[in-house]
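Bear in mind the structure is a predicted one, so any value in this text is a computation, not a measurement.
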2 protein chains.
Amino acid sequence: MSGRRVSFRAIRDEMARRIGQREWAPGALIPAEEALAREFGAARATVNRALQELARSGLIERKRKAGTRVVPHPVREARFAIPLVRQEIEARGQTYHYRLLSRAEEGLPEAVAARMKLKTGSVRLHVRALHLADGAPYQYEDRWINTGAVPGARAESFEVVSPNEWLVAKAPFSEADLTVFADAATEEEARLLNVASGAPVFVVERLTWLVEKPITLVRMVHPGTHRMVSRL
Amino acid sequence: MSGRRVSFRAIRDEMARRIGQREWAPGALIPAEEALAREFGAARATVNRALQELARSGLIERKRKAGTRVVPHPVREARFAIPLVRQEIEARGQTYHYRLLSRAEEGLPEAVAARMKLKTGSVRLHVRALHLADGAPYQYEDRWINTGAVPGARAESFEVVSPNEWLVAKAPFSEADLTVFADAATEEEARLLNVASGAPVFVVERLTWLVEKPITLVRMVHPGTHRMVSRL
DNA sequence: GAGTGGTCTAGACCACTCA
DNA sequence: GAGTGGTCTAGACCACTCC
């Protein structure tokens, strides 16, 4: 070919534009790779890469023999990273500190038991802790650990190592359920996080499972300024 | 080479295994593409594809000249669905209502322009609206639409159809960036959402792209009781 | 400057699936 | 059977970044 080579990004973007502008209608069949390669003056492999990226991002669907179609209603979802608090803080260039507030084996409150699919009142490990960034309160953590699935936790004091890090190292999980919402700080949360009582706090509740077994349920409370950002 | 060709999946899986088994230690440098290609008896392009997939899934990090490293602590993720407000409300068995608050073509404030990667002060469409569930305020929406990428929006009044639904039908996107946080209701938000001024509100900001082009930036404000739950 | 990853080409064969 | 996407090769040149 004459002139500069055509990049797969340019081809991808042009095809995305056609989909966006409805030049290629929702549900419609688009030209085959070879035809597109001729049109764009590129190798078929290059067009293929562009198409694969569009397919991966959910804009088109491809089937051998049947060809490539514009997906009528692309599926929409956002992904959020599940980081260690320590990493989250250190990634901001701040110094991390950890403080254990309490640790006890207690009977499960009804609400907690229900979510973990365990029996109300059965005894599990309850840990409360504070995570600080450059000395300022960053996250208050209230956690229940299913010692049935993670027996080693009963022998750990959590005075130096946070439950978060201990669990990551010792108890892998396969699924996580997350719930996020805003709330007004309770008296205790306000005191611990150094905000006004009733001030907005950002709460993340995370329940992790190893295949059907609950591992841990944690409620993480942040000052309202905290942002949770999807991966880019 | 003799024998069957080696697939990029086989190479990818074998490399993932080495990382999982610590044969390639966390943080360690792994061999360069050419060396791997020789080892696996494959073309460099094939090894490259395997490596790119591992990089995309977060297991390794690649830099020109510096080489490829095993990421010390792979990050897990949670996925959240991105629903239509109407569907979200109707799925709760409630009746949906929509009210347009304002619609104008205005210059972009600096903060908005920066996030959309557009020029400050360039004119785009600004829409504010309210979504109600069983007559009660559910979500206050403050939205900018990039009429450069979605020209049809300039001809739409948004008096009956919400920008959310209109955009879903007319302007597909391939990626979405989400930011969620808690905030204190402003005077106006409090009035619109029927909560006390300064009460906790749950804010979701969503920026969507069609490949590299910004489509719309929307700030959605909910009463603090609102929950956002990951897909199970 | 040099080493490493990033991308493109031209050609080939394979694998799936529709008719 | 035949059309379309999926993948692999061998070679080349480019682009970034470390030294």
Taking side-chain contact (heavy atoms from CB on, under 4.5 Å) as the definition, give me every residue that meets it alongside B:Ala35, ordered by chain and number, with sequence neighbours left out.
B:Pro31, B:Arg38
Salt bridge (charged side-chain N to carboxylate O under 4.0 Å, His left out) involving B:Glu175 - partner list, sequence neighbours excluded
none
Once ring-ring contact (aromatic ring centres under 6.0 Å, His included) is applied, do any residues pair with A:Phe181, and if so which ones, sequence neighbours excluded?
none
With a non-hydrogen cut-off below 4.0 angstrom, is B:Gln52 in contact with a base, only sugar-phosphate, or nothing?
sugar-phosphate
Which residues pass the salt bridge (charged side-chain N to carboxylate O under 4.0 Å, His left out) test with B:Glu205, not counting sequence neighbours?
B:Arg115, B:Arg219
B:Arg64 side-chain N/O to C:dG6 phosphate OP1/OP2 under 4.0 Å:
no
Check: B:Tyr138 ring centroid to B:His97 ring centroid under 6.0 Å
no
Interface polar pairs with nucleotides 11-13 of chain C, N/O, under 3.5 angstrom:
from	atom 1	to	atom 2	distance (Å)
C:dA12	N6	A:Arg44	NH2	3.2

Can you tell me if the side-chain N/O atoms of B:Arg9 get under 4.0 Å from OP1 or OP2 in D:dT7?
yes
Hey, is B:Arg17 close enough to B:Glu14 for a salt bridge, meaning N to O under 4.0 Å?
yes
Can a side chain N or O of A:Asn48 be found less than 4.0 Å away from OP1 or OP2 on D:dG6?
yes
Under the rule of Watson-Crick or G-U wobble with both distances under 3.5 Å, where | means paired to another strand and [ ] a crossing pair, DNA chain D maps to ||||||||||||||||||.
Phosphate contact (D:dG6 OP1 or OP2) by A:Arg62 side-chain N/O below 4.0 Å
yes
side-chain N/O B:Thr46 vs D:dT7 OP1/OP2, d < 4.0 Å:
no
Are any of the side-chain nitrogens in B:Arg128 or B:Glu106 under 4.0 Å away from the carboxylate oxygens of its partner?
no
